[in-house]
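So the structure is just underneath, and the comments pick up after that.
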There are 2 protein chains.
Amino acid sequence: MKRKITLKQIARELDVSISTVSKALSGSKEISEDTTQKIQAFAKLYNYRPNNIALSLKNRKTKTIGILIPEIVHHFFSTVIRGIELVANKRGYNVIVGLSNESFTKEIINMEMLANGSIDGFILSISKETLLKQDYHHFNATINQGMPIVMFDRVVNEIKCDKVIVDDYKGSIKAVNMLIEKGSKNIALITTMDYVSVGKLRTQGYLEALEASKIVPDSNLILKIDDSLVDEDLEDLENEIEQFFKSNNKIDGVFAVNELYAVTAMKVARKLGLSIPDDIQVIGFTDGVLSKHATPSLTTVSQHGQKIGEQSADLLIDRLELEEDESLDYTDENERNENFKTIIIETEIIERESTK
Amino acid sequence: MKRKITLKQIARELDVSISTVSKALSGSKEISEDTTQKIQAFAKLYNYRPNNIALSLKNRKTKTIGILIPEIVHHFFSTVIRGIELVANKRGYNVIVGLSNESFTKEIINMEMLANGSIDGFILSISKETLLKQDYHHFNATINQGMPIVMFDRVVNEIKCDKVIVDDYKGSIKAVNMLIEKGSKNIALITTMDYVSVGKLRTQGYLEALEASKIVPDSNLILKIDDSLVDEDLEDLENEIEQFFKSNNKIDGVFAVNELYAVTAMKVARKLGLSIPDDIQVIGFTDGVLSKHATPSLTTVSQHGQKIGEQSADLLIDRLELEEDESLDYTDENERNENFKTIIIETEIIERESTK
DNA sequence: ATTCGTAGCGAAAACGTTTTCGTGTTGACA
DNA sequence: TGTCAACACGAAAACGTTTTCGCTACGAAT
């Protein structure tokens, strides 16, 4: 078991100085050809690789991105990670992953753990509890320390940083319009509580689309599900939806804000003897495995998670590499970098069997 | 934007030496109470936190675990990550994630990128391509550099390291036995090509279970699916299974080595007018979202991915923290640490609607 | 013969810590 | 008054790099 070799050892072995080794390996022409060759050969033989930690300390940057998400066992979030990892790797960065598990405290702990030099910047999506508390001081704190943040999907406007979001509003309009066009007259909405921003936006889109088609929204046709931090109560969910359907038997179209609600709605509908899509059409937000493999397969609004990840990573790395140059130009605190971008990823409707 | 404060700055500000600050902050009684209080107060005010990179360099350990998996948009792998992250965090470690994307080359690149000081050890699952090539030199290389590896799920015996695996063999036997007990006479197997070790083991379990019940295996009842590095051809998969069913119409039970195959089999069966579980029963390996939300919901063999992750992390960290002490005791290369463990996680059958 | 330029290399600082080993200043004690 | 602990602190090394600056020696130019 030979530990990794260092510059110092090479230097001692070859009887030159550390600086000479370093320069020779980087191909500096300060060093004679003879010496360079000798050193490079030796280094290759012993498979020398510069120590990342030492480089990080010296360069004051780690070439590592911190990802902080509420949950990883989740199709959407894992596609986002895949996107981030893809471009991060391509651009020479690593990714370190933290899970908040939807908890405010874990979010803070994780941020503090990573913000002390381990990473160059954050890509994150806010936990539900944080959204509920509306306490965002930890985000501002890290930003003030000079560590850039990119937020995706679950974002808040008050934080000054780059953002990548899905056009929840427009996506919902598209979905509801499609239901209308395909003949649904009484379109129900199955959504979450309002504090999750995306839920609210999708609800707004639903209402807007109805009004645009001169349909008066009926509050009885809106089911708000309280998934308060737990979403393992499959039975409860089914029952709730079943009651909802039973007390509104004119429903012939459903727009659900996520695929679980949509698939469950289909299940319940079938149980009630309704045929899909003939009696009732269903569209869900968030295109995941469930939608694709359900029977009938589900028409969805795809969020392009991977693209969200890619854009987030590009945004962050662009900013990091920009800062490199201007870090000394703009000591002027005020007018620097107030050009934060918000990228909107267009949604796309993927038609499958649950619509006509 | 104030950069993070360092010991040096505190020292200069308070007109003491760096060592004094360091000692005061760690509560050394070498420093007078007065000075200690003054320094601690100042540090708290400016929210001092030690720089992780500097600590890593000094201590020659990063308190970071590298995870290297073939794919992240995958229920099983993401549950494993969740498990790893859980205990890693609890024990003061971070996790950095690399994706091989089932590619041999990406696996190597990722390992080299991380093995140069960024992490203390690996937890990984081998990519299909590597398994196919049977080229494991990169694993041995990193182990020889003194970096411990824990392999999970997709492992190979020839590598000397800790391992955490699922009892694929026994799990399959349990599943097939259940089908037999519940009345299936002609049980089909839908599996992958043999080079993926878990596929092979599950096939063996299937055969073994049949023979134990004096049922002669029929090679016509075994469908091997070539998912060679791509598994997006849903249509192809359906067609293949449909042909399979049509040419073996006596099939009244199906054991599939993953949930996608199982769910697709159910879909096809229903299309062919078979009712589940009355005409045909289905069990799948790997308990994921699909199984739970399919209609009918699928009886599965659960692998307890999270537990796999937890155990892997514990195994790795145990070894890391053990090495700390003995690193000087055992300079004797030969007899050190040959006590590698292989932990077997028991599977569990989760009964749902696809069996009687 | 003196000056100069340059090729080739080494010393040292810096990144931010921790820790070992001094060192100077007290007070007590003989 | 001189010796010796104990106390409170500082200097410096170490982790592994990169980079700036300086130094030496040698050949060329004046």
Side-chain angles (χ1 to χ4, degrees), chain A residues 2-40 43 46-64 115-120 145-146 324 327-328, chain B residues 2-40 43 46-64 115-120 145-146 324 327-328:
Chain A
K2 353 158 195 194
R3 286 219 96 72
K4 298 229 67 181
I5 199 171
T6 69
L7 285 187
K8 190 191 283 194
Q9 296 172 36
I10 300 184
R12 198 186 312 141
E13 219 56 38
L14 261 44
D15 214 50
V16 290
S17 79
I18 297 183
S19 359
T20 305
V21 179
S22 174
K23 288 170 188 165
L25 289 179
S26 65
S28 160
K29 54 189 172 151
E30 231 182 300
I31 307 298
S32 77
E33 214 164 312
D34 271 8
T35 321
T36 302
Q37 291 226 341
K38 195 175 54 177
I39 293 179
Q40 285 186 347
Y46 282 88
N47 193 32
Y48 169 80
R49 295 275 181 276
N51 180 304
N52 281 336
I53 297 293
L55 286 180
S56 296
L57 184 58
K58 180 129 213 8
N59 302 331
R60 294 146 122 231
K61 62 184 164 204
T62 60
K63 289 273 185 181
T64 306
N116 299 316
S118 303
I119 61 170
D120 295 340
Q145 277 179 28
E324 259 174 59
S327 60
L328 287 184
Chain B
K2 354 156 191 191
R3 286 218 96 70
K4 296 228 67 180
I5 198 170
T6 70
L7 286 188
K8 191 190 283 196
Q9 296 171 35
I10 300 185
R12 197 186 313 140
E13 219 58 36
L14 260 44
D15 215 49
V16 291
S17 80
I18 297 183
S19 0
T20 304
V21 179
S22 175
K23 289 170 189 166
L25 289 179
S26 65
S28 160
K29 54 189 172 151
E30 235 182 298
I31 307 298
S32 75
E33 215 163 311
D34 272 10
T35 322
T36 302
Q37 292 228 340
K38 194 175 58 178
I39 293 180
Q40 285 185 348
Y46 282 88
N47 192 32
Y48 169 80
R49 294 276 182 276
N51 180 304
N52 282 333
I53 296 293
L55 285 180
S56 295
L57 184 58
K58 179 125 216 355
N59 302 330
R60 293 149 119 226
K61 61 185 167 204
T62 60
K63 290 274 185 179
T64 307
N116 299 315
S118 304
I119 61 170
D120 295 339
Q145 277 177 28
E324 258 174 59
S327 60
L328 288 184

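Sequence lines set the chain letters: A, B, ... in the order given, protein chains first and strands last, and positions in each chain run from 1.
Looking at Q145(A) and N47(B), their side chains come closer than 4.5 Å, going by heavy atoms from C-beta outward. The closest side-chain heavy-atom distance from L7(A) to L25(A) is below 4.5 Å.
Taking atom NZ of residue K58(A) and atom P of nucleotide dT17(C), one finds them 16 Å apart after rounding to whole Å. dT17(C) atom C1' lies 14 Å from atom NZ of K61(B), rounded to whole Å. Rounded to an integer number of Å, the gap from K4(B) NZ to dG16(C) P is 12 Å. K38(A) has its NZ atom 14 Å from the P atom of dG8(C), to the nearest Å. Protein atom CG of L7(B) is 16 Å distant from nucleotide atom C1' of dC15(D), rounded to whole Å. For N51(A) and dT18(D), the CG to C1' distance is 13 Å, given to the nearest whole Å. One atom, CD1 of I18(A), and another, P of dA13(C), lie 14 Å apart when rounded to the nearest Å. Between the CG atom of N59(A) and the P atom of dG16(D) there is a distance of 16 Å, rounded to whole Å.
Between R60(A) and dG16(C) there is a side-chain polar atom (N or O) within less than 4.0 angstrom of OP1 or OP2. Within the structure, every side-chain polar atom (N or O) of S22(A) is placed at least 4.0 Å from both OP1 and OP2 of dT19(D). At dC9(D), one or more side-chain N or O atoms of T35(B) fall inside 4.0 Å of OP1 or OP2 (strictly under the cut-off).
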**OP:** Check the pair S26(A), S28(A) against side chain to side chain donor-acceptor pair (under 3.5 Å), reporting the backbone distance first and the verdict last.
**Re:** CA-CA 6 Å; S26(A) 65; S28(A) 160; 5.6 Å; no
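Proximity note for S32(B) (side chain, C-beta onward) versus dT17(C), dC9(D), dT17(D): the nearest is dC9(D). Listed candidates were dG10(C), dG10(D), dT17(C). Nearest to the side chain of V16(A) is dG10(C). Listed nucleotides: dT17(C), dT17(D), dA11(C). Nearest to the side chain of A54(A): dT17(D). Comparing dG16(D), dA11(D), dC9(C) against the side chain of S19(B) picks out dA11(D) as the nearest.
Between R49(A) and E33(B), the residue whose closest nucleotide on DNA chain D is further toward the 5' end is E33(B).
With hydrogens and angles disregarded, a donor-acceptor distance shorter than 3.5 Å links the side chain of S56(B) to the backbone of N52(B).
Nucleic acid contact class of K8(A) (heavy atoms, under 4.0 Å, all strands): sugar-phosphate only. If you check every strand for non-hydrogen atoms under 4.0 Å, L55(A) touches sugar and phosphate atoms only.
With no hydrogens or angles considered, no side-chain donor-acceptor pair links N51(B) and K4(B) at under 3.5 Å.
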